[in-house]
Amino acid sequence: MKSKIILFALSATLLLTGCKVQTAQQYENEQEEEAKKVVVLNDEEQKKAKEKEKEETKETAQDDKGSVTKEVAATSENDTTTSTNSSVSTVEKSTSTPSQTQKPEAKKETTTSNNTSKEQPTKTEKPVKKDEPKKETTVTKKPETTTSTPKPSTPKPSTPEKPVEKPAKKEYATITIGMRTLLNPDHYELLPKNLQSEKYVPASGVLLNNAKIEIKEGDTAWDAISKLRSKYGIYINYEKNPMYGIYIIGINHINEKQAGSLSGWMYTVNGVKAPVGVGNYELEDGDRIELQYTTNGGTDLGW
């Protein structure tokens with residue numbers, strides 16, 4: 001019986017040694033080493049794939065850099081995530097449940113090879129280069145600048161300013177009208193009855209005393225006397241005489257020859273009997289005209 005047991009043990013050991021039975025710890029160690037090899041292989045393949053993609057993207061970057069680079073980046077990220085997920089999944093499978101036979105190792109190797117074959121990046125097709133339209137070179141001519149020398153401006157002759165004319169000094173003459181000779185009762189009674197009144201013969205014998213009349217250059221004595229009619233309302237009776245020019249017949253309705261045959265009106269300028277009639281005597285500024293009634297040709301006046 002003991003010999004049978006020993007023979008069975010020997011045969012069992014021979015079978016185990018022939019089949020290369022491994023322990024669980026040895027199996028785990030081998031799986032870890034294989035997983036590391038797979039990860040290394042995957043990293044190298046990913047690097048090679050990325051280098052190919054970079055070369056392809058460089059060729060296509062001339063036409064449309066923005067869109068192609070975004071697509072390549074997206075595909076590379078997807079590849080890396082899938083590769084890392086596959087590597088992690090292989091490691092998890094390898095470390096989950098150990099088996100005593102070598103058959104699961106072969107399956108894992110095939111699955112990893114399948115995964116690696118699936119993880120190969122898809123080749124992106126080269127976009128067809130579009131013929132870029134030739135840029136037209138437009139030559140812009142510089143505008144010709146013509147420098148014109150300004151003509152010297154001829155100064156306009158300045159018109160001399162007119163001096164401000166001072167207002168001309170006003171000129172005046174004074175006029176006095178009197179009838180003192182009629183204050184004599186003998187002469188006064190010779191007047192018509194309707195004129196024997198202070199209305200026509202004032203009690204003072206003076207009808208107008210030094211009345212100021214404005215004159216201008218060239219005015220005559222008659223020009224000044226005629227203004228009395230409008231300014232003071234004094235009635236003056238006159239006629240144009242071919243010998244004396246203007247001849248005064250009466251003032252304030254007292255006419256010539258009403259107090260005698262030699263009675264009438266006479267005038268002086270500045271106290272001197274004028275040699276000409278009132279229409280021909282030119283006045284000057286400040287002249288004094290005096291008209292007096294005489295009853296005997298001027299002798300009663302002392303002229």
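Just the heavy atoms: all of them, side chains too, but no hydrogens, waters or symmetry mates, feed the values below. Residue numbers start at 1 and run along the sequence shown.
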Any donor-acceptor N or O pair under 3.5 Å, side chains Gln292, Glu290 | yes
Less than 4.5 Å apart, side chain to side chain, heavy atoms only: is that true for [X] and [Y]?
X: Leu283; Y: Glu217; answer: no
X: Ile215; Y: Tyr172; answer: no
X: Ile213; Y: Thr174; answer: no
X: Val269; Y: Tyr281; answer: yes

Taking everything shown except Glu214 itself, do over 12 heavy atoms lie less than 6.0 Å from its CD?
-> yes
Is the number of heavy atoms from other residues, nucleotides or ligands under 6.0 Å of Glu239 CD greater than 12?
-> yes
Which atom pair, heavy atoms only, marks the closest approach of [X] to [Y]?
X: Met179; Y: Val201; value: SD-CA, 3.8 Å
X: Asn209; Y: Thr176; value: OD1-OG1, 3.8 Å
X: Leu190; Y: Asp186; value: CG-O, 3.3 Å
X: Leu191; Y: Ala259; value: CD2-CB, 4.3 Å
X: Ile251; Y: Ile248; value: CG1-CG2, 4.0 Å
X: Arg229; Y: Ile234; value: CG-O, 3.2 Å

Within one Ile-Leu-Val-Met-Phe-Trp-Tyr cluster: [X] and [Y], side-chain cutoff 4.5 Å:
X: Ile289; Y: Ile246; value: yes
X: Val206; Y: Leu291; value: no
X: Trp265; Y: Ile236; value: yes
X: Tyr232; Y: Ile175; value: yes
X: Leu195; Y: Ile177; value: yes

Could you give me the CA-CA distance, side-chain angles and deciding distance for Tyr247 and Glu256, then say whether side-chain hydrogen bond (donor to acceptor under 3.5 Å, both in side chains) is met?
-> CA-CA 11 Å; Tyr247 177 74; Glu256 65 176 353; 2.4 Å; yes
Where the side chain of [X] meets the backbone of [Y], is there a donor-acceptor pair that is under 3.5 Å apart?
X: Asp223; Y: Thr220; answer: yes
X: Asn184; Y: Thr181; answer: no
X: Tyr188; Y: Gln196; answer: yes
X: Asp300; Y: Thr295; answer: yes
X: Asn252; Y: Tyr200; answer: yes
X: Thr294; Y: Ser263; answer: no
X: Lys231; Y: Ala211; answer: no

Can you label the angle between the His253 ring and the Tyr235 ring as parallel, tilted or perpendicular, going by 30° and 60°?
-> parallel
List the steps and the verdict of side-chain contact (heavy atoms from CB on, under 4.5 Å) for His187 and Tyr293.
-> CA-CA 11 Å; His187 299 157; Tyr293 190 81; over 6 Å; no
Tell me, with the steps shown, if Trp222 and Tyr238 meet ring-ring contact (aromatic ring centres under 6.0 Å, His included).
-> CA-CA 10 Å; Trp222 171 246; Tyr238 69 97; 4.6 Å; yes
